[in-house]
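Below is one structure, written out as structure tokens; the observations come after it.
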Amino acid sequence: MTLGFYPGCSLKGSSREYAESVLAVAKAFDIQIQEIKDWNCCGATAAHSLNRELSLALPARVLSLAEKQGLTEIVVPCAACYGRLSSTQYELAKNPELKARVAEINGIEYNGTTTILNVIQMLDKYVTPKLEGRVVKPFEHKVACYYGCYLVRPHEVLNFDRVEEPQSMDSLMTKVGATPIDWAFKTECCGASLSISRTSSVGKLSGKIVGDAFDRGAEAIIVACPMCQSNLDMRRKEINEYLGKKIDIPVLYVTQALGLAIGLDRKSLGLQRHFVKVTV
Amino acid sequence: MAKIGVFICHCGENISATVDCAKVAEVVGKYDGVAISVDYKYMCSDPGQTLIKKAIVEKGLTGVVVASCSPRMHEPTFRKACAEAGLNPYMCEMANLREHCSWVHEKSEATTQKAIDLVRTIVEKVKHNQSLNAIKVPVTKTALVIGGGIAGIQASLDIANSGHKVILIEKDPSIGGHMSQLSETFPTLDCSQCILTPRMVEVAQHPNIALYTYAELESIDGFIGNFKVKIRKKAKSVDEKICTGCGLCTTKCPNKKIPSEFNEGLGNRTAIYVPFPQAVPNKPVIDKTLCTYYTKGKCKICEKFCPTHAIKFDQEDEIIEVPVGAIVLATGFTVKKTNFFPEYGYGKHPDIVTGLQFERLASASGPTLGEIRRPSDGKIPETIVFVACAGSRDEAKGIPYCSKICCMYTAKHAMLYQHKVHGGKSYVFYMDIRAGGKNYDEFVRRAIEEDGVNYIRGRVSRVYEKNGKLIVKGADTLLGATPVEIEADMVVLATAGVANEGAEELAQKLHVSYDPYHFFAEAHPKLKPVETNTAGIFLAGACQAPRDIPESVAMASGAAAKVAGLFSQDELTREPLIAVVNRQAPPVFSSCVGCFLCMSACPYHAIEKEEIKNRQGEVIKTVAKVNPGLCQGCGTCVAFCRTKSIDIQGYTHEEVYSEVMALLNDY
């Protein structure tokens, strides 16, 4: 089977290891991944806080391209991209005039028929059913599953998992042998793009997340968003300064943890690219 | 030959501003069978009614059409006027020129023409109308009250004191309801049990009240004045007549770790138990689902110790059937549990409790004997946070309504905490303080100003445990949405008041409407607050919406007054606008072919089978028959009937077709 793939900017840059691990896991389970050709930026944050039409036209173009290239189902690993694409599909489905206007701006037909999957949905749909017998190195660690904001919100649009106390990643991690902890910061803000403009704020916000996970005995934090991962990983210096501690628990993508459990090569999962050394 | 009188009303300017009333009167006056057609400024006024009455007498009218407002407004007025002049009231009909014409159209020729058409259809209908007589049904002067909380208690006492018999059923082993669980009551802080228990005793001793506890409604049949109800008296496994209520069995029962419903799970009870010391009746029941004898087949320790041999393990549920004339529903409400809140840890932390649990902690009869101690380790909390609107007014939680009682009981809780824990710190997170009621706002101000409760306007986003403390994260919206974090020892959630589980089924059993949240629906939100849309069934208390004690009591007395009013008559009069299956001369007897589609269509179970027999007593034909007491005249059966054998009186096929034909034919 073939699944369309929208990497977005992060998976081509700062979060290459996310793309590598998604592709490695897909390969291991015989899922053909086909990157959408000529894709563009989803417009996250910048576009949707400035210009409504632009914020819809950008993701709509990506979806139009997928339709044109015969990709009925696409996986969008970045939580922000996933949110923008899903919101666009939701809004245009409700408003035919806007839908026509967006198609006119883009100059491509838009039908809104593409099924959009985030990484957890992809794993649940195509990997979990075949997981039995494949776990050769159970990921036997206490893990803190961190969902962040975009993966589960807004519920009205995404209709995915529970908003306040999501469970999907926890149940997935249980299946590969991990023990998810019960903690309070699953959906708290990591500071997102303030990482660049106000790094100290990210140190504080992400610090609370990492601190709580560590205090409750987590040996790794599991994420499914490149922004979350880079803040919790790359800003560890600021985090540790804020906490006044030296916390070195790694931050893994859900696909990396799963890849380890099914015995994939560490390098194929991009584990060497992290700032906080992955020792688990 | 019909002699119809047509009376066109101007309704001040309501109709005449857009409809040429004089023209309508003139045109309609020329129709066949119209004996008089006049217009007048206010037809409902005394001179207007006199005009109609005079015309009936002088012209010998056989029918009257009043073209004015909606029949919902003045049909009874005009029918009464006609009856006073000697005309059968059902020969009077109204054409709605106001709501259906003048109010919704501009002034024009077409508007006047529409008015003419509307009047014409009704004139044609009245020509085919038949005289009808009101239906009379007898009344059984016994009321059934379902639910023994404060609303049910009050309703029972009021009905009983007006001289009528009452059957009060309560599903739990004791009456008292939620009020018996409360510590103090707002806004006076008088002890709940102290004011309630005398009433409970009064119910038990009242000669007009038959009290069945541990009993539920099994089924209901019949109609206003003539219900037949079956009551399931659940087996108590204790012979009430022999039991002296000594309580020895409850001290000997080895099964002591059952969470007590009365203490909201904060205390334990035994398998044979009396829910609380002041219970009425103060005699134990055996909880069959948890008793060791019933579950494992041996034990019977209670039987061994019972000095009067009152334990009866072989007792079975008993179903009794009683006739009643009216029913008061007072089944109350429940509160959402803490496991409803993912952001507050799904109730996994023992020190996050509901308001009702806090009542038990503050109550002298509670598990801590009235000392505020947290459930996890029994410590007195030094800092306590109350969260108002936990679930209420939250569309994301599916509960957009205000639970109404929480603002007041939260203020009371904080106040009680401050009175009992000197030096303690209390915080209340609230959205708005809704303290409408006599002495209510003063009470809240007292909590804030005299008792030093810290009120923070904002919502709580999350509660979680860290290093033995409960971290409450919220925002203070009066300080520019500043994030607030409080390290608390205990958190009390004023969880939303919701309908009881099973309320929907009960409503369906009784044919009472309910709202989307399964609260029972009143017949009119303003003018019929205690009636339901099923005649003879009334509402009291929180089964209709979250209600506090004064409101529940007032509603109960209101419902009781309605029941007493109903019971003041020996016979009831009902509108004869009901379905009738035709009867004809032999050999046809009825055009009904006995398919009984109507039976399955009828939402009121008003259609029965009737056997038509010959002189030898042999059944010739089985046909449908409508029970006039049950039929509400909805007409569903008419639409289902394949042989046009059913008519609604007052809206027969002939009458309705004549209206339609009047519209289709050119005049």
Side-chain angles (χ1 to χ4, degrees), chain A residues 90 142 144-149 151-171 179-192 194 198 200-218 221 242-245 247, chain B residues 336-352 354 376 383 385 387 389-400 429 431 458-475 480-491 493-496:
Chain A
Y90 178 82
K142 278 177 89 175
C145 293
Y146 174 61
Y147 296 74
C149 52
L151 196 62
V152 289
R153 290 191 185 94
H155 185 74
E156 191 190 347
V157 172
L158 304 176
N159 205 9
F160 169 66
D161 211 336
R162 297 187 263 200
V163 174
E164 300 291 353
E165 172 73 11
Q167 292 293 333
S168 52
M169 221 189 307
D170 294 64
S171 81
T179 312
I181 59 161
D182 192 9
W183 66 315
F185 287 80
K186 274 183 175 180
T187 58
E188 292 296 293
C189 177
C190 68
L194 292 178
R198 274 180 67 177
S200 64
S201 291
V202 167
K204 182 178 167 187
L205 291 165
S206 290
K208 289 188 174 178
I209 296 163
V210 173
D212 194 60
F214 178 76
D215 289 348
R216 288 170 203 271
I221 299 174
Y242 167 76
L243 293 171
K245 290 183 188 168
I247 296 177
Chain B
K336 276 280 178 202
K337 302 285 182 269
T338 50
N339 61 8
F340 183 60
F341 300 93
E343 61 273 46
Y344 309 146
Y346 279 119
K348 278 180 280 188
H349 200 286
D351 295 334
I352 303 176
T354 65
S376 64
T383 305
V385 172
V387 182
C389 293
S392 308
R393 299 177 68 194
D394 190 346
E395 279 204 54
K397 289 269 186 287
I399 305 174
F429 280 91
M431 284 169 62
R459 301 189 67 187
V460 171
S461 65
R462 198 166 286 273
V463 181
Y464 60 94
E465 184 266 328
K466 187 150 197 178
N467 304 330
K469 290 276 183 185
L470 289 167
I471 313 292
V472 181
K473 286 175 80 171
T482 323
V484 182
E485 265 191 47
I486 295 167
E487 286 190 7
D489 300 305
M490 192 170 162
V491 175
L493 306 178
T495 56

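Sequence lines set the chain letters: A, B, ... in the order given, protein chains first and strands last, and positions in each chain run from 1. What you see below is based on every heavy atom in this structure, not just the backbone, and it leaves out hydrogens, waters and symmetry mates.
Using a 4.5 Å cut-off between heavy atoms, B:K466 touches chain A through backbone and side chain atoms alike. Only the side chain of A:D215 comes within less than 4.5 Å of a heavy atom of chain B; its backbone N, CA, C and O stay farther away.
Considering all non-hydrogen atoms of both residues, B:R462 and A:E188 come closest at NE-OE2, 3.3 Å.
In the displayed structure, B:E485 atom CD is contacted under 6.0 Å by more than 12 heavy atoms of other residues, nucleotides or ligands. Atom NZ of A:K204 has 12 or fewer heavy atoms from other residues, nucleotides or ligands within 6.0 Å.
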Pair B:E343-A:R162, side chain to side chain contact (heavy atoms under 4.5 Å, CB included): steps then yes or no: CA-CA 10 Å; B:E343 61 273 46; A:R162 297 187 263 200; over 6 Å; no
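Atom CD of residue A:E164 and atom NZ of residue B:K397 lie 6.0 Å apart, to the nearest 0.5 angstrom. Of the inter-residue distances, the one linking B:F341 atom CZ with A:E165 atom CD reads 14.0 Å to the nearest 0.5 angstrom.
Remark: A:D170 engages A:K186 in a salt bridge (charged side-chain N to carboxylate O under 4.0 Å, His left out) (not counting sequence neighbours).
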